[in-house]
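Read through the structure below, which is laid out as structure tokens, and then see the notes.
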Amino acid sequence: MPDVGNILVWVVWIIAATALFSSGIAVILFQNPFYSALALILNLASLAVLYLLLAAEFVAAAQVLVYAGAVVVMFLFVIAYLGGRADAPLAGGPTFQVVGAIVAAGAIGVEVVVAIALKAGDRLNDTDEIGARFGSPAEIGRLFLSNHLLAFEVTSIILLVAAVGGVILGSAVPSDHRAEGSAEQ
Amino acid sequence: MMGPGIAAYLIVSVILFATGALGVLIRRSPLIILLALEIMLNAGNLALIAFSRRFADGDGQIFALTVMVVAASEAVVGLGLIVAMSRKHVELDVDKLRTLRG
Amino acid sequence: MDVAAWICLASPAVAVVLIALAGDRMPRFAAGVLAALAALVSFIASVICLIVLLGEEPEGRAGHGSTLWTWLSAGDFRIGLDVVVDPLSVFMMLVVSGVGFLILSYAVGYMRGDVEERRYHAYKALFLFSMLLLVQSGNLLLLLAGWGMVGLSSYLLINFWHQRETAVAAGKKAFIMNAVGDATFALALFILTQHVGALDFATVFDRAPEALGDGTTLSALVALGLLGGAVAKSAQIPLHTWLPDAMEGPTPVSALIHAATMVTAGVYLIARTHTLFELAPDIQHLAAILGGVTIVVAGLIALVQTDIKRVIAYSTMSQIGYMFVGVGLGAYGAGLFHLMTHAFFKALLFMAAGIVIHALAGEQDIRKMGGLGRALPWTYRFFLVGALALAAIPPFAGFFSKDAILASAANEGTLGWSLWGAGAFGAFLTGLYTFRLLFIVFRGEPSGFVREHLHREQFEGPFAMAWPVAVLAVLSVIGGLLQIPGVWHAVDDWIHPVAGSIEEAPGSTALLSALAALGLSLVGIWLAWSFYGRPGYGPARARRRWPWAATALERKLYFDDAYDVVFYTPSTRLATGLERFVERPLFLRSLTGLGGAVRLLAGRVAAAQTGLVRSYALALATGLAVITIVFLAVT
Amino acid sequence: MITTALIVLPFAGALLLWILPWRTSTAAGGLALLVALGELALWVGTVVNFDFGVSELQYDAERAWFSDLGVSYKVGLYDFSLWLVGLTALVAVASIGYGMWAGRARPGAYFGLLLFLTGATVGVFTAQDLLLFYVFFEAMLIPLYVLIGVWGGAGRTGATIKFIVYTMGGSLLMLVAIIAFGLDRGSFDMTELGTSDSTWIFLGFVIAFAVKAPLWPFHGWLPDAYREAPAEVSALLSGVVSKTAAYGLLRIVLPSFPEQVADWRTVVLVLASIGLVYGSLLAFRAPDVRGVIAYSSLAQMCLIVIGLFAFNDSGLNGALLQMVNHGLISASLFLLAGTVERRTATGDLHLLGGMARGRPVLATLFIVVGVVALAVPGSTAFAGEFLVLNGIFPVGWGWAVVGAAAMVLAAMYVLRLVSAVLHRDVGTMVPDAALDLRPGETSLVGMLVIALLALSFWPAGITDHVFGGQPEQAVTTRFSE
Amino acid sequence: METFVKPDIDWAALSPVLVLLGGAALTMLVPLFLPVGVRRGFSAFVAAAALIGAGVAAAILFAHDDSGRGIVADALRRDRLAELAQVILAGSGLLAIGVSYREPGRREGIGDYYTLLLSAVGGMCFFVSANSLMTLFLGLEWFSISLYIMCAIAVDRLGSLEAGLKYLIVGSFGSAILLFGSALVYGATGEIGFEAIERAAAGDDRFLLVTGLAMLLVGLAFKVSAAPFHMWTPDVYQGAPTPVTAFMSAATKVAGLVLTLRLLTTAFGSQEELWTLSLAVIACISLAWGNLAALVQTDVKRLLAYSSVSHAGFLLIPIAVGTPLGGRALLYYLMPYAAMNVGSFAIVAARERELARPVTVSDLSGMGWERPFHGIAMAIFMFGFIGLPPAGLFLGKFYAFSAAVERGWTWLAIVGVVATVVSIYYYLGVVRAMYVSPGELRLAPAGGSPPRDPALTTAVAASLAVTVGTFFAAGPLIDLARDGVEFLRFPF
């Protein structure tokens with residue numbers, strides 16, 4: 001007698017996974033980067049659903065907020081700023097590039113799947129029981145401020161460095177204005 | 001645990017990873033390449049969280065969160081580069097970036 | 001005595017060094033005098049040695065020696081800077097330094113005024129030093145050293161006037177042929193060191209019979225090696241071709257200096273190492289046979305030569321053939337005796353020829369000469385003495401010595417008789433070619449060339465040139481009385497402690513053989529007279545009748561051509577071939593080719609770097625795929 | 001201490017030359033010459049106090065370098081290395097003096113490099129640690145590369161690349177061999193090496209030395225390098241640097257690989273004999289002065305190797321004597337070739353000739369060196385060759401026969417060289433105004449010639465003062481007693 | 001409810017990183033308040049001070065630590081390996097400052113370049129002490145992102161931007177692979193700490209683990225530019241501003257290789273037969289590819305980039321053998337190697353400024369005589385790269401080959417030998433150009449001597465001193481290296 005909850009989870013999972021695949025493929029196949037970015041939002045959202053299923057509530061929330069809310073928006077701004085120029089996927093470049101890409105990506109995928117399959121005979125699906133606090137913001141916070149304090153701090157440093165980089169690169173004055181400037185040095 | 005087992009999640013994450021890799025490999029627009037890279041990182045995250053669930057261990061989730069930040073940082077720098085290039089009126093096509101070769 | 005021996009050896013060396021160091025600062029003339037004085041000092045020292053030795057019991061005369069220092073060493077193998085003072089070496093020292101002194105004195109006059117006179121005198125002194133080293137050395141290695149240095153000096157002398165292509169070529173030829181001899185000599189020494197363990201005469205002769213064995217292959221090889229050296233140095237067939245060419249060399253004096261002394265070194269060597277030769281009788285006989293062949297061949301070739309020095313040179317070869325017959329048959333005393341007398345009369349002949357050439361401003365072709373007897377009467381007389389001695393007409397020196405050899409040969413069974421036959425035929429030839437030369441040059445009417453070029457000098461040349469000739473003429477007349485077969489054996493007795501002759505010809509045989517040889521000589525002289533001494537067509541007729549013989553003789557029986565075909569051309573071709581087909585393609589260009597291939601590959605590799613960033617990622621992905629597959633497969 | 005001083009003095013001189021500014025070739029060369037003379041004087045002092053009775057290390061010095069692999073700075077002199085050091089010092093004096101006399105562009109750099117090369121060579125002869133040996137062995141390459149590459153002739157680029165690639169290819173194999181050997185033994189100390197039975201290690205050493213010497217068929221770099229280098233560099237290269245290879249065979253290969261030496265002896269001898277004849281034949285055909293000297297060097301090095309692999313008293317002594325002889329001979333020949341080339345601007349034998357006329361000093365020196373080079377009996381070269389062949393004879397008479405034949409070939413090519421340069425008609429490229437040797441040249445070449453003549457009078461001066469008088473035993477016991 | 005446990009924070013162990021971060025903060029903020037003229041000097045001074053401080057701190061730590069221990073909840077490891085690497089990194093950074101100081105065309109005097117430099121060094125210092133997959137990933141991204149920006153910092157030049165973008169794309173691709181590998185390893189063991197992974201990996205079921213290991217290897221091999229994962233290297237080295245290249249070529253290798261050593265010995269000791277052999281193969285490929293491609297290069301920076309690929313091969317040999325001797329060899333090798341890399345790129349930078357254009361090999365002609373000091377230094381670097389004394393790299397190669405031979409992999413040493421022989425061609429090509437080629441002078445239009453640049457000259461001199469000094473002082477340095485790897489658990 002299948003558990004209803006279980007069926008529900010399965011349904012949600014299938015939907016999310018399908019969305020995940022299709023949006024992922026959409027990202028890499030849309031001609032227009034703008035659409036790709038939009039597809040990425042869907043992709044990230046589907047991921048968030050899976051995270052929820054895996055009891056990672058805080059991560060799921062962060063996923064939606066940080067990624068979909070911030071990163072992709074930034075992408076969209078840039079795309080809008082640059083004016084989305086379309087390019088055809090699979091076009092241009094040497095033939096071996098496309099073939100090789102598909103073969104290599106496929107091979108990696110298959111290999112890891114095989115590895116998982118081999119492992120699955122073992123106890124891969126024997127999941128440990130989890131407490132109610134697992135994945136909750138409080139638990140994540142506790143981990144971040146205890147064992148993973150350093151990681152927490154480092155992420156902020158990385159973010160800061162990236163910000164500095166963004167400023168340097170983004171605020172670069174076009175070269176025609178700078179030519180004389182550098183010559184004077 | 002309800003629903004599919006961890007292996008299923010993993011397989012999803014692997015396929016996602018391959019998709020992202022494919023994107024990097026076949027697209028010429030740096031913007032889309034950046035998006036594909038985000039997908040790859042997210043595939044890693046999915047794997048991390050799946051394993052985190054399997055071991056009932058919070059480390060994986062923490063790892064995933066830091067990866068998110070890192071991914072955002074990479075995106076910032078990448079986008080900054082793209083903007084800087086577009087200011088120099090360079091066509092946004094990585095295949096055109098061939099002054100350095102040989 | 002030891003001191004005297006060392007002074008004898010050192011004095012020419014000192015002269016060389018002084019002349020070389022002084023350079024322009026020394027007057028030219030002084031260089032010649034210095035060299036001659038050095039020779040004189042050597043001669044006096046030799047005489048002192050002789051006197052000291054004479055004062056000793058005959059059996060005690062051998063075995064004196066002196067060592068200055070170890071010359072070369074390897075572990076227990078040591079070679080000293082040894083000289084030996086025994087009857088044989090003193091005999092040779094006397095001949096070498098005595099005749100050498102005369103020659104050097106003569107050269108002072110002969111070379112007067114040459115631009116590079118100093119160099120010439122230095123070379124001569126060097127030659128003398130080398131020769132003395134050769135005969136005085138107390139061990140085989142130093143003997144070889146002297147051996148080689150003699151070759152070197154002769155090379156230097158032959159191409160003294162080095163602008164002349166022929167002189168340079170002749171010098172090289174002489175040196176290289178001698179080098180062949182040196183090489184075989186050295187090989188013999190290797191065998192000796194391996195089996196005997198030493199190279200000094202005493203030890204070698206003492207241990208050799210035991211170490212090498214009597215009649216063994218080993219002994220034969222040793223003797224063969226030494227014989228090779230001797231044959232090359234003494235210009236015996238088949239290593240003889242350098243000697244006539246050396247006469248192309250510019251000065252008769254240099255020609256003389258080796259004709260009279262150096263070429264006899266082979267005879268000395270065989271006499272010195274007779275112990276080793278006696279262990280290998282076949283090889284010793286081979287020496288005699290080669291000598292016999294040379295007597296005939298050289299005599300034949302001499303018949304048709306037109307260069308005055310060449311004729312004398314071939315006669316030298318021929319005479320040394322006699323000596324080889326002598327020592328080859330164990331008649332060491334006879335061989336050495338002939339060596340001595342030959343040194344006298346051959347030197348005389350060369351000097352006289354030198355005066356002729358000098359008088360004709362360097363011309364050597366006898367076809368342009370004639371009737372010089374009137375213009376150069378004393379020279380004619382001296383030459384005649386020399387010729388008679390050479391043709392072995394009694395009582396001149398050559399008669400006694402040659403006769404001693406023939407007499408020994410007559411006593412030696414079949415082999416001896418055949419060699420005797422060769423020697424007797426050689427006597428006939430000697431008479432023929434010697435007097436052919438004499439008649440052509442000195443008799444008859446002066447040719448146009450002579451009339452035009454002859455510049456008569458006071459007393460037919462400077463005194464410096466004249467007096468050695470006179471001395472030699474006297475020696476050529478009386479030198480033969482030193483030993484008269486069947487009567488007394490001064491030379492035999494003297495060297496007996498070192499090299500006891502194994503043969504003593506009975507008086508009757510000796511007499512018979514002497515008469516026969518004399519008769520043949522006279523026939524030869526008569527023939528020469530009938531052909532050349534008076535107007536006639538003999539030679540031309542003979543040439544018409546046997547054109548092939550004349551050509552063959554003029555081409556020197558094709559020895560040079562044979563060497564060209566057998567050795568020179570193949571080795572040159574081989575060298576050129578190696579250069580062209582091995583060295584260049586394989587060694588010189590190999591790296592270039594490899595480098596080119598690598599560079600090509602490198603270009604391909606670098607071309608993989610397309611500049612396409614996606615390809616870089618693809619490489620990454622492919623590498624990952626491969627590694628993962630491998631890891632999974634291994635696991 | 002003195003050994004260290006012998007090594008350091010040239011290096012210090014080199015540094016000084018590089019640092020100070022130099023205006024004239026004479027000033028820089030003068031200082032370099034002074035340093036080289038100092039080196040020579042130092043060497044003489046060493047000889048005077050040397051104990052020749054024993055074949056053990058003297059004047060040794062040791063300092064730790066890095067201990068974990070047992071590598072140290074350890075230097076010292078054996079009686080046989082002493083002579084090679086002396087050879088180096090003497091040839092260095094002559095070469096530097098010649099360079100000074102000839103005048104070179106950028107003198108500071110040039111003479112500094114010459115001194116550097118000298119120091120490295122001395123280092124090779126004195127190092128008693130395998131790695132240190134290798135360091136000096138490789139350190140010789142740098143100055144040679146620059147010297148040939150910068151101051152060499154028209155074809156120098158190809159010559160240098162070939163030279164470096166060949167020699168480094170060989171010596172890197174040796175590095176692997178050294179590592180394997182040293183790790184196996186647990187120490188790189190050459191005085192405690194012991195023996196090894198590994199064929200690969202043996203081959204690593206042998207090939208490296210075969211390239212450096214060079215031996216047939218590893219000589220591809222030789223003709224070009226010898227042709228293109230400045231005369232005095234060729235002199236050092238063929239006179240001294242090539243000896244390091246023979247020294248390596250003697251010091252490392254023979255004592256430490258007895259089994260392999262026995263097993264491979266025939267192979268080595270075959271190659272060396274081929275090289276001996278091959279080099280002689282090519283020397284006979286070489287179209288230019290340097291070519292003759294270069295190929296004759298090949299032949300001579302093969303002869304030395306024959307002596308070494310005879311592995312008996314006579315062969316070893318002969319090889320060592322011949323190393324010194326050939327060092328002096330080829331150095332003098334190259335310097336003389338340099339003087340000829342300076343006067344005629346060519347080394348082509350067809351364009352030379354008749355130089356003896358009116359140039360007695362040149363002619364005399366050339367002939368004397370040539371005559372010694374062809375090993376006329378009585379010369380020190382003859383003594384060396386005699387011992388070598390005498391040593392190989394008991395091993396197999398055939399080798400000695402080949403060697404004796406090569407002596408005849410040597411006579412052929414040397415006489416060809418001498419007559420092509422000095423004799424016959426005056427060559428088209430020989431100007432009448434070409435002077436005889438100047439006193440400077442005379443004294444430099446003369447110095448080497450005097451050394452040769454002195455040795456000719458007393459070759460035992462060397463043969464009696466090496467290996468403690470017991471060559472075979474000394475090598476077999478690895479110079480330990 | 002679990003109680004909140006504040007982890008013990010070992011401030012001393014973090015001090016090098018903290019000093020660098022402090023310096024970065026200062027250079028970022030303070031110049032904004034300073035007059036334009038002194039900004040550059042101030043920034044450089046602060047950066048230098050911070051690097052010296054970090055180096056000294058690391059050195060003091062090195063002197064005090066005799067065994068390693070995990071800090072901050074085992075996220076990092078405080079041990080001599082990390083500290084020695086930190087000293088080398090700080091030194092490379094310091095040299096790079098000398099090279100950078102006069103680099104023309106940079107943003108006027110704002111300290112952000114030095115901020116990034118310090119941040120990169122800080123990231124690397126963090127990275128080399130990483131003790132878990134998470135800190136590994138974070139440290140990697142930290143310095144990588146800094147480097148991406150530094151590569152592109154000459155925003156005027158398309159080449160610089162191109163280099164930056166290429167590096168970013170390929171680098172992020174590599175990071176993603178590394179991340180996925182980390183995830184798989186985590187999945188296989190349930191642990192992210194290195195020692196914990198080793199403990200948990202004892203089981204016989206290794207499929208996920210080895211797949212993760214493969215991905216980690218690829219990610220790290222990418223960072224140290226080992227072939228065939230090196231393809232970004234030539235483009236990025238050529239396009240990036242030369243001082244950045246100088247720094248990056250030296251420091252990235254140090255950081256990447258040290259961490260590779262730590263990761264493989266600490267976390268994957270049980271998989272030794274996999275990674276030793278595969279690294280050996282990668283080393284061979286790098287040697288072959290790097291040397292061959294370098295043969296045909298004309299641009300000096302690109303040539304040096306390929307040389308760096310080939311040296312990645314040399315440097316992987318001692319790791320691949322997995323022995324203590326190999327560890328020592330690696331650490332020792334890195335010292336002269338880092339100095340030589342910075343030094344040689346510094347000379348390229350000087351020539352570049354003189355000619356005002358990218359430097360090709362033929363542009364070097366005559367340089368040896370015109371600029372004697374640079375010429376000699378460059379010649380010694382080139383001879384040193386070949387492996388000729390008196391450069392410390394000679395002993396480095398000696399050690400690397402020794403390690404291979406000791407392990408019984410003589411074939412690996414012979415591959416190295418062959419590669420070295422090939423490398424002679426192009427290294428000597430540089431020397432030849434400087435000294436041998438006819439010196440047709442092609443100076444900048446201004447002509448005459450280049451502007452004095454004492455900072456760069458000092459950097460070159462220091463590099464030279466290290467290069468030669470490591471040769472003569474090999475003994476003590478190798479003792480340091482031995483201390484550095486003393487507590488690693490080598491599989492062989």
Side-chain angles (χ1 to χ4, degrees), chain D residues 11 18-19 21 63-69 71-73 105-106 108-109 116 120 123 131-132 134-142 145-146 148-152 156-157 160-161 163-184 188 198 200-201 204, chain E residues 324-325 328-329 332 368-369 372 375-376 379-380 382-384 386-391 394-395 397-408 410-414 416-425 427-429 431-432 434-437 471-479 481-482:
Chain D
F11 283 124
W18 286 334
I19 291 169
R63 273 192 69 188
W65 190 9
F66 42 104
S67 49
D68 66 335
L69 292 180
V71 175
S72 60
Y73 169 82
R106 311 183 196 286
F116 189 95
L131 190 68
L132 192 65
Y134 183 81
V135 165
F136 285 124
F137 200 78
E138 292 289 61
M140 296 189 303
L141 283 183
I142 299 174
Y145 172 76
V146 183
I148 302 176
V150 176
W151 287 273
R156 56 184 191 262
T157 310
T160 46
I161 278 290
F163 171 64
I164 294 286
V165 169
Y166 257 99
T167 46
M168 270 211 79
S171 58
L172 282 167
L173 282 182
M174 176 166 81
L175 179 60
V176 177
I178 284 178
I179 289 170
F181 194 20
L183 289 181
D184 183 44
F188 288 79
S198 161
W200 295 113
I201 299 178
Chain E
L325 182 60
R328 260 177 280 158
Y332 176 77
W369 303 115
I376 284 186
I380 289 182
M382 291 301 123
F383 282 125
I386 295 174
L388 285 171
F394 162 71
L395 293 179
K397 279 193 181 178
F398 168 73
Y399 257 87
F401 293 161
S402 291
V405 171
E406 187 206 42
R407 170 76 196 277
T410 311
W411 59 271
L412 195 54
I414 288 175
V417 163
V418 174
T420 305
V421 173
V422 174
S423 75
I424 294 170
Y425 278 102
Y427 288 128
L428 286 191
V431 179
R432 188 167 66 232
M434 288 194 302
Y435 286 98
V436 179
S437 302
F471 176 77
F472 287 105
L477 293 175
I478 283 167
D479 290 343
R482 188 219 312 270

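Letters A, B, ... are given to chains in the order of the sequence lines, protein chains preceding strands, and every chain is numbered from 1.
- Between F383(E) and Y427(E), the ring center distance fails the sub-6.0 Å criterion.
- Counting only heavy atoms from C-beta outward, the side chains of W151(D) and R106(D) approach each other to under 4.5 Å.
- Across Y73(D), W18(D), Y134(D), W200(D), the residue that shares the most heavy-atom pairs under 4.5 angstrom with chain E is Y134(D).
- Neither the backbone nor the side chain of A120(D) comes within less than 4.5 Å of any heavy atom of chain E.
- For F136(D), no part lies under 4.5 angstrom from a heavy atom of chain E.
- With a threshold of 4.5 angstrom between heavy atoms, L395(E) approaches chain D through side-chain atoms but not through N, CA, C or O.
- The main-chain N or O of M174(D) is never found under 3.5 Å from a side-chain atom of S171(D) such that the two would form a donor-acceptor pair.
- Using a 4.5 Å cut-off on side-chain heavy atoms (C-beta onward), Y145(D) and F163(D) make no contact.
- In this structure, chain D has a heavy atom under 4.5 Å from the side chain of L325(E), while its backbone stays farther away.
- The parts of L428(E) that come within reach of chain D are both its backbone and its side chain, each placing non-hydrogen atoms under 4.5 angstrom from that chain.
- Checking side-chain atoms of K397(E) against main-chain N and O of G416(E) turns up no donor-acceptor pair under 3.5 Å.
- Contact count against chain E (heavy-atom pairs under 4.5 Å) is highest for D68(D) among D184(D), V176(D), T160(D), D68(D).
- With hydrogens and angles ignored, the 3.5 Å screen pairs no side-chain donor or acceptor of Y166(D) with any backbone N or O of I161(D).
- If you measure heavy-atom distances from A64(D) to chain E, you find no contacts under 4.5 Å at all.
- A centroid separation of 6.0 Å or more is found between the aromatic rings of Y399(E) and F394(E).
- Residue contact with chain D, scored on non-hydrogen atoms closer than 4.5 Å, involves the backbone and the side chain of F401(E) alike.
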